[in-house]
Enquirer: 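Can you keep this structure in mind? I'll have questions shortly.
In listed order, ligands and their atoms are each counted from 1.
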Amino acid sequence: MRDPLETPIRMTNKQIAAIFYEVADLLEIKSVTFKPVAYRRAAHVIETLQEDITSINERGKLEDIPGVGIHIAAKIREIIGTGKLAYLEKLKKEIPKGVLELAEIEGIGPKKALILSRQLGITNKEELKEAAKAQKIRDLPGFGEKSEKNILLSIQTMKGTGRRFLLGDILPVAEKIKRRLADLPQTQQISLAGSIRRRKETIGDVDILAASAEPEKIMTEFCTLPEIDRILGKGPTKSSIVLTSGVQVDLRVVDKDQYWTALQYFTGSKAHNIAMRRRALDRNWRLNEYGVTDLFTGKKLHGQTEQDLYRMLDLRYIEPEMREDRGEIEAAINGTLPEIVPYDAVKGDLHVHSSWSGGKHTIKELAEAAKAYGYEYIAICDHAWNPQTPHGLDEGAIAKQQKEIEQANRDLDGIVVLTGIECSIDTEGNLDIGNKLLGDLDVVVASVHSGLNMPKSGMTKRVLAALHNDRVDILGHPTGRIIQQRDPVQLDLPAVFDAAAELGVALEINAFPARLDLSDTNCKMAREHGARFSIGSDAHTRDNLGFMELGIATARRGWLEDKDIINTLHLQDLLMVLES
Ligand SMILES: [Zn+2]
Ligand SMILES: [Zn+2]
């Protein structure tokens with residue numbers, strides 16, 4: 001028998017590329033010129049090779065790979081033979097501990113981190129803070145009083161609470177602050193940035209980026225907002241505040257000519273930006289928040305918008321919601337990037353509760369509000385009665401409600417009210433309303449509301465049974481999760497997605513802020529299984545109709561296009577889908 005330790009470690013192209021990327025980063029910290037570019041170029045070529053690099057090595061053709069000279073070829077052979085690279089280990093030992101951590105701090109970067117470490121022996125954030133307070137940093141080469149202050153500000157305003165807020169709670173507040181700053185004559189451009197711009201379902205803090213030639217005025221306005229609890233730091237180009245709700249908001253102001261790359265940089269995600277930077281390096285450009293620099297000529301490349309930047313890198317524009325390094329850059333290269341659903345594409349809400357089952361507003365009030373959103377239709381889907389839902393509608397009440405909807409449709413102009421119901425799926429997969437009556441309704445949503453702790457096999461069987469009921473149009477909040485409160489139910493998602501696709505049942509994206517169910521990643525997976533979707537606000541009041549935006553954001557993060565979502569259809573086309 002072979003000793004497993006003697007088995008050569010089979011290194012993948014990706015692993016070898018990762019080693020060279022790390023070498024490049026460490027060389028950059030050491031201020032070595034040109035070599036980092038060479039290592040990154042080789043790493044990039046290796047990770048995009050079609051053929052396994054070990055087989056190229058076996059054929060003795062490593063040097064034929066573009067960007068791989070004799071030195072790098074020797075290193076590749078070493079990695080293939082030993083699983084590691086002595087040169088990298090040596091570099092790691094030469095870089096003092098903590099330098100990488102320091103380099104991450106805004107305004108420092110690798111070179112300054114090394115100076116701080118070498119000259120002052122600083123190895124972490126705390127020591128850096130003490131040194132800045134003691135005014136020891138200003139005299140170092142390449143620093144000054146201003147950068148010392150900025151470092152202190154960066155540390156003071158570093159994210160620390162770890163508390164996360166629901167997108168739906170924070171987005172309206174953030175938009176309001178943004179609008180207020182946008183109204184100032186000094187503001188040339190302004191946008192939300194960071195995770196809130198990418199519309200992540202939970203937000204740690206709010207980032208806002210503005211362009212201005214007179215940042216002081218904007219900073220003063222920002223630091224005197226009525227919602228402020230305390231100011232963490234106020235500087236000429238960056239300030240951080242905490243609102244009474246506990247949310248931290250950071251505002252950065254940059255020059256107008258840096259805005260395009262700064263916006264891309266501060267929008268993230270980090271992983272997406274790393275991929276973008278690598279793509280820039282392939283062209284021998286350095287991309288960071290300050291701009292795009294040609295590394296050979298040292299000259300800045302010019303652009304105005306994020307669109308310009310993606311175009312320069314030969315990529316189709318990638319919407320912020322997709323910038324999560326989930327394959328979007330590859331898709332933008334291959335031409336397979338989806339045309340994700342625009343925010344104004346939804347033509348109606350298919351999950352709304354009225355005062356008939358615990359909602360606040362009447363059918364007419366809801367319909368008027370829906371009309372104001374520009375919708376063509378709204379489906380009233382009150383709860384069906386069962387012992388756990390005593391405020392729900394029994395068969396008699398449903399018949400009465402249908403009459404009221406008929407009357408509403410006669411009275412209203414420019415909006416159509418659809419009849420509907422939200423049934424509960426019992427533990428056997430049955431619904432709480434008979435199929436005959438369900439056949440009379442336009443929209444049937446079926447949801448799991450109780451018995452949420454069933455084991456996976458039972459829960460899957462239960463949901464599949466409901467999907468096989470041909471009266472069911474939409475599977476409501478499919479996983480039952482409540483963000484930060486309740487885990488999703490145990491469900492064989494691929495099986496459910498396949499069945500939904502085959503049976504023509506739409507999967508709901510429930511837009512209620514704490515639900516967002518299906519989640520973004522589940523949407524993406526379900527789309528790959530060929531499923532269709534319905535976005536519903538699950539509104540219990542007129543104002544809740546506005547949650548739709550969060551559902552669309554989730555759909556966009558899940559790469560969904562108009563054609564994947566049934567309520568982007570005009571009324572007549574939607575009715576055909578619902579009837580089939
Ligand atoms: Zn429900
Ligand atoms: Zn509901």
Enquirer: Between E422 and H351, is any side-chain donor less than 3.5 angstrom from a side-chain acceptor?
Expert: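 Yes - a donor-acceptor pair under 3.5 Å links their side chains.
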Enquirer: I would like to know whether D382 and S357 meet side-chain hydrogen bond (donor to acceptor under 3.5 Å, both in side chains); could you show each step before the answer?
Expert: CA-CA 6 Å; D382 281 307; S357 76; 2.6 Å; yes
Enquirer: Suppose we only allow N, O or S atoms; which atom of D538 ends up nearest to the Zn ion (ligand 2)?
Expert: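 The nearest such atom is OD1.
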Enquirer: Has R252 got its NZ or CZ under 6.0 Å from the middle of the six-membered ring of F266, at an angle within 45 degrees of the ring axis?
Expert: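 Here R252 passes the 6.0 Å and 45° test against F266.
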Enquirer: Closer than 2.8 Å to the Zn ion (ligand 2), do we get an N, O or S atom from H540, backbone or side chain?
Expert: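 Checking the Zn ion (ligand 2) against H540, no N, O or S atom falls under 2.8 Å.
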Enquirer: By the definition side chain to side chain contact (heavy atoms under 4.5 Å, CB included), identify the one residue from E368, E376, K371 that meets it with I415.
Expert: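 Option passing the side chain to side chain contact (heavy atoms under 4.5 Å, CB included) with I415: K371.
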Enquirer: Is any N, O or S atom of H449 under 2.8 Å away from the Zn ion (ligand 1)?
Expert: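 Within the cut-off used here (under 2.8 Å), H449 does place an N, O or S atom near the Zn ion (ligand 1).
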Enquirer: Among the N/O/S atoms of E422, select the one at the shortest distance from the Zn ion (ligand 2) and name it.
Expert: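 This turns out to be OE1.
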Enquirer: Report the atom name of the nearest N/O/S atom of H351 relative to the Zn ion (ligand 2).
Expert: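 Checking each N, O and S atom of H351, the shortest distance to the Zn ion (ligand 2) belongs to NE2.
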Enquirer: Less than 4.5 Å apart, any side-chain heavy atom of V352 and any of H540?
Expert: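 Answer no - side chains too far apart.
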